[in-house]
Structures are given as structure tokens and as C-alpha cells.
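Written out below as C-alpha cells is the structure these notes cover.
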Amino acid sequence: MRKTATGPALAALAAAQFLVVLGNSIVNVALPQIRDGAGLSDGGTTWVVNAYGLAFGALLLAGGRAADLLGHRRLLLGGLAVFGAASAVSGLASSAGVLITARAVQGVGAAAIAPAALAVVMGLFPPGPGRARALGVWGAVSGAGGAAGVLLGGLLAQAWGWRALFLAVTAGAFAVLLAVALGTPRAQPRGGGRFDPLGTLAITLSLTGLVWGLSTARAQGWTDGRVLGAFALAAVLGAVFVLVERRHPDPLVPPRLVRGGRVAAGNLLMALFGSVWLALFFFLPLYQQEVLGESPLLTGLGQLPLAGAIMAGSALSARLTARLGPRRTLLSALLVQAAGTLWLARISAGGSYLADVLGPSVLIGLGLSVAFIQLTDLSMDGVAREDSGTAGGLVNTTRQVGGAIGLAVLATLAGSVTAGSTSPHLQALTDGYRAAFTASAAVLLATAVLAACLTRPTERNPEMRTIDETAPVIVRLSTTIDAPIERVWALHTGIDAWPSWNDAIDTATLTGPVEPGSSFRWTTHGLDITSTVFEVVPGERIVWGGPAGGIDGVHVWTFTADGGRVTVRTEESWAGAPVEAAAEQLRQALHASLQSWLAALKTRAEQPAR
């Protein structure tokens, strides 16, 4: 396979993610025009937004699993084609029914694009500085897409009308499709296993009922019979999904994906974070237009500082992570965003953009972008390449569902405060928005507290060793092996036999059993290394390390069994003067070495027993 230029590839993939966010946010400021032009009722107008969000949120898990089975790049190209075609139909729609149906199909395409594009990014950029920079770009376009949608929507709607919004997105979709086709590698491995149609149907319908119920509750109220029925259907089908998944040999969400804890923690935090994200881009333009009296165009221009802050935060994220570590960076970002949201909660009915919106927007943008990058990385941490599409679908699902829940609850809160106010209309509206922003800040503070607990470093256990998170070189990789845990563990800890199955190792000698405190000597790539075993949990975890050639290395291996399949995760850190002098070169060498090791282990373990 030819070497791929990662810069153009990342640009194409980031553009695909930008389209997904833009497809939802670009219509917000043009809804009155769309209502009048397409002959929609007030209730039907909301479905221009809801149809897209409903299909997108409900199908993300299925899209992620399909990406793993069919190939990430292939599904990404197919999703872009569907997305672009549906957007064209939306722009040319002659009736309300055609418009809403086309928006739903556009959401289907987005559900294929988002997890597949993220999976391709994670495959192109292994853990390390390169991935941190790539996720910085990813965070910039994901966060800025909401603000850019408001701006572009206002510009296009005011200049050429609402149809121009959809036709512009169509042109963008097919341009990105061409860029992805030309700029990303063709040969990408597919995951093994079979598709789970019953589980996919159950979770898709369950999420559909949940998102539909939440969307309808904003207008009809939480006690409406249809809303309660949708929630009941979601609960029943969710239970069916769990039962089906427990019996299926290849479940839609493999237990190995969340068993390690970090992926589960990342998704939980992302759901809370998403509940505030979506609400921000809902309430802020409303305040600007309904209270401050700004036009759609001026409202869109007012989002530029927010978008700029998001891009700046995304660019700084990698440096902050290197200096503070992932955990402190995440906590700091959430607290900064919470402070900006609390500041925004001080808006007034007689205020102005400069006094009430500009400062908080910058602070929120900086915190939002950095937190999003950290949570995305946490949600994909240690995920095997063959599961990366599913993991991408899962984190996007939790963000979307969290956003739907958060927006429904906060919109209800704002509406209740406004309805119960005896103040003049503009003041009543402002009181409702202030309540929503105050509650959002409280959610962010709670998320920061929860993140502090869930991401607590393993050093809290004095008997457990881990890598040096401050080291200049850190590599994390994983693979899934179709073999019993006993066989995989025996191969990996049978140190004397390493040269028989790992061509990169010339000699390996162990005196005595593999236990904490024991040492072994091995030669690889011309290096003569003596390693000390720091920790052994049979069948689960082994840690070794020590100095070699001025490099102080710590190597952690974890093994997670799932029936007859084992997920092997490895993470290694290198520190020392030689590493600081050539960090990127040594990171690439370490990545190639560990990748070769995992491939050799997988090949030998999956061979028939002799």
C-alpha cells in the first residue's frame, strides 16, 4: 500500500465531519423562511430539524458497526453520496412531505459519515502527538460547525433564500466525497464477525422512540400520551436489545469495548457534555434574535468569535495535554466552559452583544473545544482498529442522545420560567434563557466532578504500575485475537519462546518464574535489554520495564477475555535524554515495533493447536 499524505487525508475527513454538524445547524436561522416557502405548519417546521436529528441519532450505532464490517472508507463514501443527494432533494423539494423525508434521509447519510470518518482518522494517526494534533483539527471543525452553520445559514438565506442552504451543502458533500476518494488509503482491513440485525433493529427503534419523545415533549409537554408512549416503547425495546446482545456471538456493541472502563467513562461524560453543547447553539441565537433584535445575518456574524475561540482551543489542546496531562486538561476545560456559561447566565433584556454575549462566547469556545477533544480521545482509548467504527458510532450516539435529552429538559425549564413570569415579554424570555444557561453551568460543574472521579490515575493503587504520562513518547495500541485467553497469555508470558513466533526478537532468556521482581534479558533490533517485571495479574495484566540505552521504558499489557476472543491492549512510555532529542522518530519506531508484536501474537495464537 502506498504511503498516504496524512495532511490532505485529515482535511478531507475533517470536512466530512464539518458537513455532518453543518447539516443540522445551518437551517436554524432560516426556519421562518423554510416554513413560509415550503408551506409548513409551526409543528411541521420543527421537523425540518427533528427529522435529521432523529435519523442521525437513532442510526449511529448501526452506522458504526456497518463501518467495521464493510470497511470504514467504503461506508464513508456511501454516506457522503446519500447525504449529498438527500440535501439536493431538500433544496428542490416542492412539498412539506418531500422536504421532511429528504431531511430524514440526509440524517441516515450523516449516521454513516460520522463514525466511519472518525474510525479512518484513528487508523491514520496512531496514539501520540500526531493523533493529538489530528483530534485538535477534529475538535475545531466539530465545534465550529455549529457556529458556522448559523453564520452561513444567515448569509445564504438573506442573499438567495432558504433553498440555497441545501444546495450549498450538496455541493460541499460531493466535493468532500471526491477529496476522500482521492486522499484516503484504499486498502483498509475490515472487522470480523457478523451483523446483528435483530439487535440493530431493537436499538434503532428504541433510540427513535427516545429522541422522538424528547423532541415532541418540548412542544406537547412531558405528560402527553404520545410522549409517554414513545418513552415506554424506548424502554421496552432497550430491554429487548440488552437480551438479544447477551446471546448474540457478535453483538452490536461488544462487551470488550466498554469492559476496560475508560471507554465507558468517556461515553458517560460525553453524554453530559453533549446535553449542554446542543442547548448552547439553540438558546444563544434565540436570545440574539428575539431579545436583542438582531437579524439572521447579524446573528450569524455574532457567532464568529465563538467559532474562532473553538478553533484556538483546538489548536492549543495538544500543547495543554503535553504540559498538564489528559486528566488535568479535561478538568480545566470543563471548568472554563462552566465559567463562561455562568457569565452568559447574566444576560439582560436591555443588554447588548458586546456586553452580554462576546466575552462569554470566547470563554465557552475555548473550554468546549478542549473538552470535546479530550472526551473523544478518552472514548476511543485502547479500542482495537476492528472496533473503531463501532466505538465512533457509540460516542457520537451518546453525544446526540445526551444533546436531545439536555435540550428537551432545558427548553422545558426555559419555557416554564417564561410562562410563569409576570414581567414584560422580553424580560420573561430573558429569564427563561438565563435559567437554561444557569442549569447548563451546573451540569458542566457536575461533569467536571464526575470526570475527576472516573479518570483518576491508576497511581492511586500503590500496587499498580502504569506508564509515565509525562514521557515525551507514549504509544497505545490494541488488537482482538480469536483464541482462548489461556493460549494468548501463555504465548505472551512464555518469554523464552518469544523468538520462535516474533521475528523481531533475536533472543530472550528468563531465569525463574514470571513474577514481580524477576528480570529477563532479550535482544531486539540490535538492542540488548534487561527488563524487570513490576506487576503480574495472571490472565489480565503484566507490566515490565527498565532502562536501556539511556531510555527509561515502562510497558503495560492488559488482556480482556470475551468468550473465545481476547482483546490485547498495550501502552508504553519512553523517557530520557535520547528520547527528548528525537521524540517523533522514536515514537514512530516504537509504534512500528508494537504493531509488529501484536500482529505476530495474533497470527501465532490463532493458528490451530498442534
Side-chain angles (χ1 to χ4, degrees), residues 25 28-29 139 142-151 154 272-294 296 298-314 331-372 402-403 405-418 421 423 425-448:
S25 62
N28 287 338
V29 296
S142 298
V150 177
L151 173 60
L272 291 170
F273 176 75
S275 69
V276 173
W277 180 332
L278 189 60
L280 170 70
F281 290 106
F282 178 81
F283 289 111
L284 189 55
L286 285 177
Y287 170 70
Q288 291 178 247
Q289 292 184 81
E290 296 188 357
V291 178
L292 299 184
E294 296 177 357
L298 195 58
T299 299
L301 291 173
Q303 301 295 305
L304 283 177
L306 174 60
I310 288 172
M311 293 179 183
S314 299
L331 297 180
S332 300
L334 289 170
L335 292 176
V336 167
Q337 188 180 354
T341 308
L342 273 175
W343 187 358
L344 196 59
R346 295 171 59 86
I347 55 175
S348 63
S352 67
Y353 174 82
L354 291 177
D356 293 79
V357 177
L358 179 59
S361 294
V362 172
L363 209 57
I364 289 171
L366 291 172
L368 182 151
S369 55
V370 176
F372 173 72
I405 294 173
L407 181 56
V409 173
L410 292 172
T412 301
L413 172 64
S416 298
V417 171
T418 296
S421 176
S423 302
H425 179 62
L426 291 184
Q427 183 61 53
L429 282 176
T430 303
D431 291 342
Y433 298 150
R434 290 183 63 167
F437 289 134
T438 302
S440 296
V443 170
L444 287 168
L445 290 172
T447 305

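A quick note: this is a predicted structure, and the numbers were derived from the prediction, not measured. Residue indices begin at 1 and follow the sequence shown.
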Exercise. Could you state the interatomic distance from CG (Leu358) to CG (Leu304), rounded to the nearest 0.5 Å?
Worked result: 11.0 Å

For this session: Using a 4.5 Å cut-off on heavy atoms from C-beta on, say whether the side chain of Asp431 contacts that of Ser423.
Result: yes

Exercise. So, for Leu292 and Gly351, which heavy atoms are closest and what is the spacing to 0.1 Å?
Worked result: CD2-O, 3.5 Å

Sequence neighbours excluded and cut-off under 3.5 Å, please list the side-chain donor-acceptor pairs for residues 440-447, or say none.
unit_1: Ser440; atom_1: OG; unit_2: Ala436; atom_2: O; d: 2.9
unit_1: Thr447; atom_1: OG1; unit_2: Val443; atom_2: O; d: 2.7

Exercise. If we only count heavy atoms from C-beta on, is the Trp343 to Ser361 side-chain gap below 4.5 Å?
Worked result: no

Exercise. Listed by chain and number, what are the side chain to side chain donor-acceptor pair (under 3.5 Å) partners of Asp356, not counting sequence neighbours?
Worked result: none

Problem set entry | Contact check, side chains of Val357 and Tyr287, non-hydrogen atoms, under 4.5 Å | yes

Seminar exercise, completed: From the list Ile347, Leu410, Leu344, side chain to side chain contact (heavy atoms under 4.5 Å, CB included) partner of Phe283 resolves to Leu410

For this session: Can you measure from CD (Gln289) to CD (Glu294) and round to the nearest 0.5 angstrom?
Result: 8.0 Å

Exercise. Mind checking whether Val370 and Gln337 have side chains closer than 4.5 Å, heavy atoms only?
Worked result: no

Problem set entry | Heavy-atom closest contact (Ser369 atom, Gly365 atom, distance) | OG-O, 3.0 Å

Exercise. Counting only N and O atoms by type, is there a donor-acceptor contact under 3.5 Å from the side chain of Ser275 to the main-chain atoms of Gly402?
Worked result: no

For this session: Check Ala448 against Leu334 and note the closest heavy-atom contact, atom names and distance.
Result: CA-CD1, 3.7 Å

Exercise. Shortest non-hydrogen contact from Val417 to Ala435?
Worked result: CG2-CB, 3.8 Å

Problem set entry | Nearest atoms (heavy-atom pairs only) where Pro360 meets Gly340 | CB-O, 3.5 Å

For this session: To the nearest 0.5 Å, tell me how far Phe372 CZ sits from Ile310 CD1.
Result: 10.5 Å

Seminar exercise, completed: Closest non-hydrogen atoms of Ala333 and Ala371, given as atom of the first, atom of the second and distance, are CB-N, 3.6 Å

Exercise. Partners of Phe437 by ring-ring contact (aromatic ring centres under 6.0 Å, His included), sequence neighbours excluded?
Worked result: none

Seminar exercise, completed: One should read off an interatomic distance between Leu280 CG and Ile364 CD1, to the nearest 0.5 angstrom, of 5.5 Å

Problem set entry | Interatomic spacing from CG in Leu429 to CG in Leu286 - rounded to 0.5 Å | 9.0 Å

